[in-house]
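Treat the numbers as computed from the prediction; the structure is a model and nothing was measured.
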2 protein chains.
Amino acid sequence: MTSVKSRSLRKDAELNRQRLLAAADDLFAKYGLDVTLNDIAHHAGVGVGTAYRRFANKQQVIDALFEQRLDEVAATADEALADPDAWRGFAMFLERSLQMQMEDRGLTEILNNPQLGQHRVNEARDRLAPLVSSIVDRAKEAGVLRSDFDSTDAIFIQVALAAVMDKTRGISPVLYRRYLMMFLDGVRADKATLSELPVPSLSVDQTHRSMAPDQPRRFDSSP
Amino acid sequence: MTSVKSRSLRKDAELNRQRLLAAADDLFAKYGLDVTLNDIAHHAGVGVGTAYRRFANKQQVIDALFEQRLDEVAATADEALADPDAWRGFAMFLERSLQMQMEDRGLTEILNNPQLGQHRVNEARDRLAPLVSSIVDRAKEAGVLRSDFDSTDAIFIQVALAAVMDKTRGISPVLYRRYLMMFLDGVRADKATLSELPVPSLSVDQTHRSMAPDQPRRFDSSP
DNA sequence: CAAGAAGCGGATAGACAGTATCCGCTTCCC
DNA sequence: GGGAAGCGGATACTGTCTATCCGCTTCTTG
């Protein structure tokens, strides 16, 4: 790792920096966060060296791009809270944030993997959690969302639907909405029958931990 | 690639073959299908050479192991169809097949990726599809499952819940049942309000194609 | 407009992971 | 007892990604 100067760049250099960020944004959205810095450089039409001179590694590019994205998700949450109809707010938040994930594969990865990104992004992520909580709590208090629903459930719903999205992005990019709707029908409080849930929800902390990437494998021997 | 003799093995060799299959079964269940043949050999307590002498590649091991697994899923589907209560059959099939996926990570991967496995496994997979269809159709005809539900929806539900399972296997291996229950509450026909679904379901063929693994990336240049 | 500073490109070194082979030695079985 | 069958695992290969280096180009400023 080298680079990351801080004082103002030469004009052409600044332009290339912008190109790199734009290319990264594009590629992250289309292919997810595991594109390489080399990929990004080529997509931006600059040499690999330029990319590494400007960003020490992918983390920094991610941080430079996704703080804003997460802020947008947070803004959507605020908007949901501002809706006088608690149910509409709840449903709208899920819809919008999933749509954002549909349009940006990288966003899903950032949301699902706390390992990615540095402080800026992590801060933004932390700002988001209590908003989701408020949206859920308000809907429960208003009696429109089943009372055994927990704010961590909202996270796992997104995990579940993001998986569907991932499979169908090429064929029917909006198919996830179908299952979101079925799911919403299952959590609305004004239903005739709501089954007792067989398993308690996870705590916020457990949820956070469960989002961590696969733990490394351990193979023992013996037949 | 070498190996794959067909005529009866020496006694010790046959024993090692069994050890290898047992080890593979173990590892596939715990870690998924991307363990290597080397991993499997070590876990079986035999040398790598032995593994490659017996199986040309991982595909063959997979084929040797998963035909039976898929047959078990099919058996569960049969059992579901045998249940006089169409709803219970439907719910039971989802529960059981998800539980099987919970206990065997490799099974999820086989079901979700038609690329994996060879003819034996593919055959078994094809045998499964019409059973799922019958389960769904019967429940719809009985008026217990919402009429806009399609058999392909059952597949995507499993994709969705398998994703949750994957995140929580380490923390609360049964959490997916919570969301399955919410989901079931959303597709049961005896509800006060069922929303109109915003998106049509995929055809069987589209569904199959959507399960294929990520298409390779294409990076163009230009800023 | 000259010259030094800043920036550039991209071949390539290095790290790592997975696949598969080879061959000297061991075990089985008639 | 001897030859066929089997074994182990070091190792060569391949592919992927990360990151650097250095000769050349472009900007900038006096």
Taking only N/O atoms, report every protein-nucleotides 25-27 of chain C pair under 3.5 Å with atom names and distance.
{"unit_1": "C:dT27", "atom_1": "O2", "unit_2": "B:Arg10", "atom_2": "NH1", "d": "3.1"}
{"unit_1": "C:dT27", "atom_1": "O2", "unit_2": "B:Arg10", "atom_2": "NH2", "d": "3.3"}

Is [X] atom [atom1] crowded by more than 12 heavy atoms from other residues, nucleotides or ligands, each under 6.0 Å away?
X: B:Arg120; atom1: CZ; value: no
X: B:Gln68; atom1: CD; value: no
X: B:Arg209; atom1: CZ; value: yes

Let me know the distance between [atom1] of [X] and [atom2] of [N], rounded to the nearest Å.
X: A:Arg17; N: C:dG7; atom1: CZ; atom2: P; result: 12 Å
X: B:Phe55; N: C:dG18; atom1: CZ; atom2: P; result: 20 Å
X: B:Arg19; N: D:dC7; atom1: CZ; atom2: P; result: 10 Å
X: A:Glu14; N: C:dC8; atom1: CD; atom2: P; result: 10 Å
X: A:Gln59; N: D:dA19; atom1: CD; atom2: P; result: 10 Å
X: A:Arg53; N: D:dT25; atom1: CZ; atom2: C1'; result: 12 Å
X: A:Asp34; N: D:dT18; atom1: CG; atom2: C1'; result: 14 Å
X: B:His42; N: C:dG18; atom1: NE2; atom2: P; result: 13 Å

Note to self: I need the B:Arg19 CZ to B:Asp12 CG distance, nearest 0.5 Å.
What the structure shows: 9.5 Å
Next item on the list: Can you measure from OH (A:Tyr179) to CG (A:Leu98) and round to the nearest 0.5 angstrom?
Entry: 14.5 Å
Short N/O separations, protein against nucleotides 11-15 of chain C, under 3.5 angstrom:
none

Checklist line | Donor-acceptor contact below 3.5 Å, side chain A:Asp39 vs main chain A:Thr36 | finding: yes
Check: Just by modelled atom types, is the B:Phe93 backbone N or O under 3.5 Å from a matching donor or acceptor in the B:Ser97 side chain?
Finding: yes
Next item on the list: Check each of B:Glu103, B:Gln101, B:Glu95 against B:Gln99 using the side chain to side chain donor-acceptor pair (under 3.5 Å) test, and report the only one that passes.
Entry: B:Glu103
Tell me whether the OP1 or OP2 atom of [N] has a side-chain N or O from [X] closer than 4.0 Å.
X: A:Arg54; N: C:dC8; result: yes
X: A:Asn16; N: C:dC8; result: yes
X: B:Thr50; N: D:dG8; result: yes

Notebook entry, point to check: For A:Ser203 and A:Asp205, does a side-chain donor sit closer than 3.5 Å to a side-chain acceptor?
Noted result: no
Check: What nucleotide among D:dA19, C:dG9, C:dA20 has an atom nearest to a side-chain atom of A:Tyr52?
Finding: D:dA19
Margin query: Quick check on DNA chain C: between A:Ala13 and B:Lys11, whose nearest nucleotide comes earlier from the 5' end?
Written below: A:Ala13
